[in-house]
Asks: 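Could you have a look at this structure, given as structure tokens, before my questions?
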Amino acid sequence: MTDQPDLRAAVAAGVVGSEDSYRALLAAIVEVARSIFGAKASSILLLDEETDELVFEAVVGEGEETLLGTRFPAGKGISGWVLATRTPLVIEDVSNDPRFARDVAEDTGYVPSGLMAAPLLHDESALGVLSVLDRPEQSLFSLQEMELLGLFANQAAIAVDLLLKARTAERLLGAEGGDLEVVARLASAVDALEDSQREAGIRLLRELAAMLGSA
Amino acid sequence: MSDVAAHASDASQSALPAWSLPKDAVDRIALPAEWPERVTREWALGGATGKGIRVCILDSGVDATHPLVGELESAVVISVGEDDEILASEDEEGDLSGHGTACAGIVRAVAPEADISSVRVLGANFTGSGAVLLAGLRYAVEQGFDVINMSLSTTKKPFASTLHELADSAYFKRTVLVASAHNMPVESYPWRFSSVISVGSHEESDPLAFFYNPNPPVEFFGRGVNVEVPWIGGRTLTVSGNSFATPHLSAICALILSKHPELTPFQLKSVLYLTATNVGGGT
């Protein structure tokens, strides 16, 4: 068992590295979304199920420096509606609506006059919301843009799913007695075997994997 | 068509076995065929206002103080009790997001004399919203509304079978369930069920223009792009999305039903098909 921390550290290093990659991917998605729509800002909000809040996970444009990590209740406002109904929505000219402002503006001082929002859906779950703020005012919205928004949201949902999995793995690795702990202990035990026993040990694990259905 | 309604009612009361039609019972379900030679828009909804038709907006609540919405027949907020019982209490908060107000405004604009009710299933918190949605739909079906506007869907598979059961229950109780289709590549419900009227968006500006889709599961397209709607705070906004195409179809259903209240959801869907802008209604 003495070599277990090293093994866990090695796996953890891989997981920690991936979190940074996925965050960079989310940042790239909002950057491209903002650019393609010619918008002033774009963001990805993630649902924190424990606190029932939406958290800014990636922001580009207005509010970029202050918004990251900011939270607000997941049940209210336009993002809350998009999340709960799993339906994309486009709203123009929202600048003077005080209740709309609760959604974004209170935290930033930035009040958008238009908002496109789509849910981040993965399997059966709604993971968060992709928003694009303030498209150019002169252009009327089209169904083509709605489809494009859906495509970006789909891409963002895959990235968010990977990010969440990386975080879960990291948490499990840190938890004594967790699922990964068992796997890590097994790997340590095989590592510690003499060459003669090692072959039999690996064969045993292969049989186990086959029995578990992952041959 | 009132004779048809009377006969349909007689037939339903004559207690036929559910699984068969005995020879001597054929006369009992005779229905006069008073359909016009050609079902036109004019026949279907010409001059109709939605009067007498009860439309339920299952959504985020409705702000009845907005001048573009006006008086509601009723407004309740749904919650689920400790023993999973459905609790419907009078909604004093109105609309928490603006969306339900927008949907109600669209119905009011297209079918001005329809009776609009709000059943709020959103707000307060996100967790548990799925269970509240199901409870709200069950409540709305039990209330016997003529049309239920559902500009929302769920991706949770465990809810699908209950939603399916509720959609079928509505269908057989002559409640028309009009549901937003999803424009993203995900499985969601209840719009995929054939017992509902599913709606996507078209880009035209005529609120009465609607199209039949020969390639389901989305069956109809309603006006859903750059629509002016009432919003909370007394404002008017321009909005886009399938969730705004849906109340256009709900209102069109209300118009048709106000003129032909005897239509079952199955017959109503046939009338929608025959009078769709790309079928027979464009002329």
Side-chain angles (χ1 to χ4, degrees), chain A residues 47-54 73-103 113-127 139-147 149-154 157, chain B residues 59-60 63 95-100 102 121-130 132-133 150-160 180-189 191 200-203 221 224-229 231-244 246:
Chain A
L47 174 68
D48 181 340
E49 286 189 50
E50 278 175 23
T51 60
D52 204 35
E53 289 174 318
L54 281 164
K76 288 187 177 174
I78 289 159
S79 296
W81 189 89
V82 167
L83 186 75
T85 63
R86 290 142 157 89
T87 306
L89 189 63
V90 177
I91 293 172
E92 310 275 3
D93 183 25
V94 287
S95 52
N96 295 320
D97 183 342
R99 271 166 280 195
F100 167 78
R102 248 187 237 158
D103 228 20
S113 64
L115 168 79
M116 305 166 70
L120 305 180
L121 302 172
H122 189 82
D123 291 336
E124 295 178 17
S125 305
L127 306 175
S139 64
L140 267 181
F141 180 75
S142 71
L143 284 177
Q144 211 180 350
E145 287 174 283
M146 183 65 102
E147 194 174 340
L149 180 72
L151 292 174
F152 274 117
N154 197 32
Chain B
D59 212 289
S60 58
D63 179 3
D95 189 347
L96 297 179
S97 92
H99 190 275
V121 290
L122 296 170
N125 62 16
F126 171 76
T127 317
S129 60
V132 172
L133 192 160
M150 232 180 135
S151 287
L152 36 85
S153 64
T154 176
T155 47
K156 290 219 178 280
K157 285 207 174 72
F159 291 154
S180 276
H182 220 287
N183 52 0
M184 293 166 69
V186 289
E187 288 265 333
S188 69
Y189 317 94
W191 68 273
S201 301
H202 67 63
E203 287 185 305
F221 297 113
V225 176
N226 299 313
V227 186
E228 268 206 15
V229 293
W231 203 261
I232 47 175
R235 289 186 49 75
T236 305
L237 303 179
T238 304
V239 297
S240 302
N242 287 354
S243 55
F244 306 111
T246 307

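Letters go in sequence order (proteins before strands), and every chain restarts at 1. These values consider heavy atoms only, across backbone and side chains, with no hydrogens, waters or symmetry-generated copies.
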Asks: Let me know if B/Phe244 has heavy atoms under 4.5 Å from chain A in its side chain, its backbone, both or neither.
Replies: side chain
Asks: Mark yes or no for whether B/Glu228, through its side chain, and B/Leu237, through its backbone, hold a donor-acceptor pair below 3.5 Å.
Replies: no
Asks: Tell me which of these, B/Thr154, B/Val227, B/Asn226, B/Val121, has more heavy-atom pairs under 4.5 Å with chain A than the rest.
Replies: B/Asn226
Asks: Does any backbone or side-chain atom of B/Ser201 lie under 4.5 Å from a heavy atom of chain A? Answer side chain, backbone, both or neither.
Replies: both
Asks: Can you label the angle between the B/His99 ring and the A/Trp81 ring as parallel, tilted or perpendicular, going by 30° and 60°?
Replies: parallel
Asks: Looking only at heavy atoms and a cut-off of under 4.5 Å, which of B/Ala102, B/Ser151, B/Ser153 has the most pairs with chain A?
Replies: B/Ser153
Asks: Could you check whether A/Thr87 and B/Ser243, counting side-chain N and O atoms only, form a donor-acceptor pair closer than 3.5 Å?
Replies: no
Asks: Pick whichever of A/Leu121, A/Asn154, A/Leu151, A/Leu54 has the most heavy-atom pairs under 4.5 Å with chain B.
Replies: A/Leu121
Asks: Check salt bridge (charged side-chain N to carboxylate O under 4.0 Å, His left out) between A/Glu53 and all other residues, then give those that pass, not counting sequence neighbours.
Replies: A/Arg71
Asks: Could you state the interatomic distance from NZ (B/Lys157) to CG (A/Asp123), rounded to the nearest 0.5 Å?
Replies: 7.0 Å
Asks: If you count heavy-atom pairs within less than 4.5 Å of chain A, which of B/Thr155, B/Leu152, B/Asn242, B/Val225 leads?
Replies: B/Thr155
